[in-house]
Amino acid sequence: AQTVTQSQPEMSVQEAETVTLSCTYDTSESDYYLFWYKQPPSRQMILVIRQEAYKQQNATENRFSVNFQKAAKSFSLKISDSQLGDAAMYFCAYRSDNAGNNRKLIWGLGTSLAVNP
Amino acid sequence: GAVVSQHPSWVICKSGTSVKIECRSLDFQATTMFWYRQFPKQSLMLMATSNEGSKATYEQGVEKDKFLINHASLTLSTLTVTSAHPEDSSFYICSARRRSYNEQFFGPGTRLTVL
């Protein structure tokens with residue numbers, strides 16, 4: 001069974017600085033997707049970034065980028081120029097490309113990010 | 001596009017009553033919908049997966065007779081918490097996936113408080 005581990009329950013960063021959130025996963029599959037979701041105090045889940053395992057190039061979305069190391073099964077999220085609005089819970093999630101399990105998401109426990117002014 | 005709504009956003013009920021939560025995909029057809037439960041400061045726990053027109057697939061440990069899920073159309077799924085008790089108080093989130101898309105789109109969640 002696949003697992004997702006986020007080893008940092010809490011992180012903090014100064015406004016305008018850069019922070020990296022860690023995520024590792026375990027799988028025996030070769031085709032899968034990885035996601036970072038943000039859950040602000042409103043509790044609405046927001047997709048931050050997505051990475052397809054078959055792509056070697058790291059995904060980037062504006063100030064958000066990932067460091068995807070497939071062999072090491074690592075998928076870290078880097079937030080550059082941190083803003084107060086980035087304060088939230090961040091969840092790392094894994095999704096198999098196997099249709100047999102309805103493509104459900106496997107979630108990490110989350111990292112609570114505080115942004116200090 | 002890809003908006004998912006939930007209704008109600010907050011419900012308070014008495015112990016022993018049943019509560020229905022609706023999840024709608026507003027601008028797309030959802031072939032699969034997922035229901036999650038989330039406790040404060042914790043991760044999402046998948047309760048069940050429903051495909052349109054099929055019975056829901058429940059995760060291990062989730063009581064299917066207590067949490068009734070219906071996915072009657074491609075835009076609507078409902079979760080009914082039957083004979084609710086205080087321990088059912090939680091935040092319930094639905095998400096929807098459309099065919100051939102890799103991501104799930106999440107509703108804003110429903111806070112259930114059982115007195």
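Because the structure is predicted, anything quoted here is derived from the model rather than measured.
Using a 4.5 Å heavy-atom cutoff, the side chains of A:D97 and A:Y33 are in contact.
Contact of A:Q39 with chain B is made through the side chain alone, with heavy-atom distances under 4.5 Å. Of the atoms belonging to A:R43, heavy atoms from both backbone and side chain fall under 4.5 Å from chain B. Contacts of A:L105 with chain B are made by both backbone and side-chain atoms, with heavy-atom separations under 4.5 Å. There is no contact between B:Q6 and chain A, counting heavy-atom distances below 4.5 Å. Heavy-atom distances place the side chain of B:L46, and not its backbone, under 4.5 Å from chain A. Heavy atoms of A:L109 lying under 4.5 Å from chain B belong to its backbone as well as its side chain.
For the pair A:S82 (side chain) and A:E17 (backbone), a donor-acceptor distance under 3.5 Å is present.
For A:Y25 and A:Y32, the gap between ring centers is short of 6.0 Å.
When every heavy atom of A:V19 is checked against every heavy atom of A:M11, the shortest pair comes out as CG2-CE, 3.7 Å. Residues A:Y90 and A:Q6 share a closest heavy-atom pair of O-NE2, 3.0 Å.
Looking only at heavy-atom pairs under 4.5 Å with chain B, the residue among A:E52, A:M89, A:R50 that has the most is A:R50.
In summary, A:K104 and B:E59 engage in a salt bridge, as defined by a charged side-chain N under 4.0 Å from a carboxylate O.
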